[in-house]
2 protein chains.
Amino acid sequence: MRDRSIFAGLNTEELRSLGMEVQDIACHQGDVLYRKGDSARHAYTLRTGAVKLVKSLENGREVIIRLLHRGDLLGFEGMQDAQHRHAAIVLAPSQLCRLDLAELQRLSERLPKVQEAIRQRWQQALQSSEDHIMELGAKRAEARLATFLLQWAEHYPRLRSLPFPLSRPDLAAFLGLSTEHVSRIMADFKRHAFIQEQRGHLEILAPQSLAELAGKWPDHKPD
Amino acid sequence: MRDRSIFAGLNTEELRSLGMEVQDIACHQGDVLYRKGDSARHAYTLRTGAVKLVKSLENGREVIIRLLHRGDLLGFEGMQDAQHRHAAIVLAPSQLCRLDLAELQRLSERLPKVQEAIRQRWQQALQSSEDHIMELGAKRAEARLATFLLQWAEHYPRLRSLPFPLSRPDLAAFLGLSTEHVSRIMADFKRHAFIQEQRGHLEILAPQSLAELAGKWPDHKPD
DNA sequence: CGCCTCATTGAAGCATGTCAAGGTGAGTGG
DNA sequence: CCACTCACCTTGACATGCTTCAATGAGGCG
């Protein structure tokens with residue numbers, strides 16, 4: 001596990017031998033990796049667990065811009081901006097690797113592979129953001145939530161009972177809805193026996209039904 | 001104008017001398033640069049004009065994922081995906097440069113500067129997508145529209161009358177609203193003399209008022 | 001214990017979507 | 001040149017999805 005490639009096909013040892021300072025970090029729920037506006041010193045790779053990237057409106061309302069899973073990178077915006085664009089908050093017990101940004105910068109100039117790897121991750125992030133835009137722009141609450149649950153499940157293949165460290169406010173902040181509305185829909189899903197929930201774990205009982213809901217649009221009843 | 005750097009600090013001549021096939025292209029409204037699913041052969045830089053990137057839901061409903069302005073790049077997802085992720089449609093008379101993706105790929109492996117430049121643009125795109133997510137997730141229609149108009153204006157500094165090639169359906173598809181609702185709000189803005197519109201041109205009369213609206217949130221009245 | 005935050009539910013209000021109708025303007029074929 | 005069409009814009013009336021406010025209960029934690 002310690003030997004698996006953590007970034008750009010390189011594992012911890014190899015990165016270290018290239019002069020990179022790599023630090024293993026263990027976090028638990030609620031830990032703040034960095035806040036919006038912090039000067040960007042480190043980037044991270046998420047080895048296990050889950051992290052949310054949060055942006056706040058002047059108003060105090062928070063929006064979750066992206067949810068990170070095992071294998072995702074974060075904090076790399078520091079390669080161009082001096083400061084972090086959002087806050088990174090740990091959702092579930094996680095293990096991360098912390099990389100020094102300045103050294104990463106130098107490394108990427110020497111190793112095109114690294115540069116390439118970073119670009120690739122950025123494209124992934126962009127794609128997921130664009131998908132999210134579609135969800136927010138075109139679907140209704142029920143469909144957004146259904147889509148989201150199915151996507152979440154994809155991150156834990158061959159697992160019946162999924163880790164699900166998201167609170168209702170979290171879900172609301174990610175899906176652009178009110179806490180109450182999310183709660184109502186989740187309760188509905190449970191009543192219809194589409195899902196089952198207990199102590200931070202989620203089980204999807206009727207993926208088929210959720211998939212139908214996910215593809216249902218405001219303006220069109222398929223029958 | 002022909003000599004200005006079009007990409008990664010290189011102008012047309014320099015790119016050509018590096019073996020890159022560069023083609024100047026002139027387009028007008030409605031031209032389709034590529035469609036979603038087209039195999040990705042070319043990337044483009046937008047020299048003047050405006051382009052929309054569109055994704056369709058299975059339902060037929062269209063969402064504008066991103067709006068491109070002078071200096072923006074498009075089609076670069078082809079460097080990793082074999083196919084384009086969205087359709088690119090020209091909104092206003094535009095001049096573009098078309099680059100061969102395969103050659104660009106090779107070039108970027110030889111020139112770190114190019115790789116770097118592409119990564120930078122990707123980050124910009126990601127940032128703008130994330131901002132868009134915030135708009136869709138946290139603001140109401142009036143505020144979204146106000147924000148959008150002000151942002152649009154920023155792309156045409158020192159211009160009183162802005163080119164504004166967006167139809168109401170376009171605005172709706174970008175802001176995640178219905179055409180009618182957009183129309184109503186725009187009419188409101190005109191009645192309040194915040195803006196003025198004529199034949200594809202827009203004038204912002206009261207940026208201050210729009211800015212106030214843009215910062216107004218559903219749950220909080222500032223007074 | 002007492003104080004949080006979270007989850008759930010109800011009732012009411014408002015924002016936005018839907019449906020429908022009529023008006024304009026641009027392009028097209030006669 | 002005209003008439004036709006078609007996409008777009010606007011407006012109204014209505015339906016509904018979603019939020020807000022309020023109240024309650026349940027679990028974590030000092």
Side-chain angles (χ1 to χ4, degrees), chain A residues 28-30 52 57 59-64 89 91-92 135-146 164-192 195-202 213 216-221, chain B residues 28-30 52 57 59-64 89 91-92 135-146 164-192 195-202 213 216-221:
Chain A
H28 57 282
Q29 195 191 23
K52 60 178 174 181
L57 229 37
N59 134 20
R61 174 158 188 176
E62 292 191 340
V63 176
I64 297 181
I89 301 177
L91 286 170
E135 294 293 313
L136 296 179
K139 289 190 185 172
R140 36 212 338 284
E142 232 183 13
R144 276 183 234 172
L145 196 41
F164 195 72
L166 297 167
S167 66
R168 297 290 184 268
D170 282 337
L171 284 170
F174 186 70
L175 299 174
L177 301 168
S178 69
T179 306
E180 295 91 331
H181 202 203
V182 169
S183 180
R184 272 184 254 270
I185 297 173
M186 287 292 280
D188 259 15
F189 284 178
K190 285 187 212 166
R191 274 189 283 273
H192 291 317
I195 63 172
Q196 192 175 331
E197 217 185 359
Q198 48 189 335
R199 314 186 308 114
H201 280 256
L202 178 80
L213 277 182
K216 223 175 206 167
W217 313 284
D219 48 355
H220 176 274
K221 290 178 207 71
Chain B
H28 57 283
Q29 193 193 23
K52 61 178 174 181
L57 229 38
N59 138 21
R61 175 159 186 173
E62 292 191 340
V63 176
I64 296 180
I89 300 177
L91 285 170
E135 294 292 314
L136 296 179
K139 288 189 185 172
R140 44 224 319 295
E142 233 183 11
R144 275 183 234 172
L145 196 40
F164 195 73
L166 297 167
S167 66
R168 297 292 184 266
D170 282 336
L171 283 170
F174 186 70
L175 299 174
L177 301 169
S178 69
T179 305
E180 295 91 332
H181 202 201
V182 170
S183 180
R184 270 185 256 271
I185 297 173
M186 288 292 279
D188 259 15
F189 284 178
K190 285 187 211 167
R191 275 189 283 273
H192 291 322
I195 63 173
Q196 193 176 327
E197 217 184 0
Q198 47 187 335
R199 314 188 308 117
H201 280 256
L202 177 81
L213 277 182
K216 222 175 209 168
W217 312 285
D219 48 356
H220 176 275
K221 291 176 206 73

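A, B, ... follow the sequence lines: proteins, then strands. Residue 1 opens every chain.
Using five terminal pairs a side, the axes of the helix from C/dC1-D/dG30 to C/dG30-D/dC1 at its two ends make an angle of 40°, given in steps of 10 degrees.
Heavy atoms of other residues, nucleotides or ligands lying less than 6.0 angstrom from NE2 of B/H201 number more than 12.
Rounded to an integer number of Å, the gap from B/L136 CG to C/dA15 P is 19 Å. Put simply, CZ on A/R140 is 9 Å from C1' on D/dT16, counting in whole angstrom units. Per the geometry, CG belonging to B/D188 stands 12 Å off P belonging to C/dA15, to the nearest Å. To the nearest angstrom, P of D/dC18 lies 13 Å from CZ of A/R61. Here the P atom of nucleotide C/dT24 and the CD atom of B/Q198 are 18 Å apart, to the nearest Å. At whole-Å resolution of the value, CD in B/Q29 and P in D/dA7 are 14 Å apart. Counting to the nearest Å, the C1' atom of C/dT16 and the CG atom of B/L171 are 16 Å from each other. Separating the NE2 atom of A/H181 from the C1' atom of C/dG10 is a distance of 14 Å, rounded to the nearest angstrom.
In terms of heavy-atom proximity, B/A138 sits nearest to A/V63 at CB-CG2, 3.7 Å. In terms of heavy atoms, B/E142 sits closest to B/L213 at OE1-CD2, 3.6 Å. Nearest heavy atom pair, residue B/A172 against residue B/S178, reads CB-C, 3.7 Å. The minimum heavy-atom distance between A/Q29 and A/L91, with the atom names listed, is CG-O, 3.0 Å. Annotation for B/L177 and B/R61: closest pair O-NH2, 4.0 Å, computed over non-hydrogen atoms.
Here B/G30 lies out of heavy-atom contact (under 4.0 Å) with every strand.
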Under-3.5 Å N/O pairs linking protein and nucleotides 8-10 of chain D:
residue, atom, partner, partner atom, Å
D/dC9, OP1, B/R168, N, 3.2
D/dC9, OP2, B/R168, N, 2.7
D/dT10, OP1, B/K190, NZ, 2.9
D/dT10, OP2, B/R168, NE, 2.8
D/dT10, OP2, B/R168, NH2, 3.1
D/dT10, OP2, B/S183, OG, 3.0

Apply the test side-chain contact (heavy atoms from CB on, under 4.5 Å) to residues B/I185 and B/H181: give CA-CA distance (whole Å), side-chain angles for both, the deciding distance (0.1 Å), then the verdict.
CA-CA 6 Å; B/I185 297 173; B/H181 202 201; 4.0 Å; yes

I would like to know whether B/L166 and B/F174 meet side-chain contact (heavy atoms from CB on, under 4.5 Å); could you show each step before the answer?
CA-CA 10 Å; B/L166 297 167; B/F174 186 70; over 6 Å; no

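Every residue meeting the side chain to side chain contact (heavy atoms under 4.5 Å, CB included) condition with A/R168, not counting sequence neighbours, appears here in chain and number order: A/L171, A/T179, A/V182, A/S183, A/M186, A/K190, A/E197.
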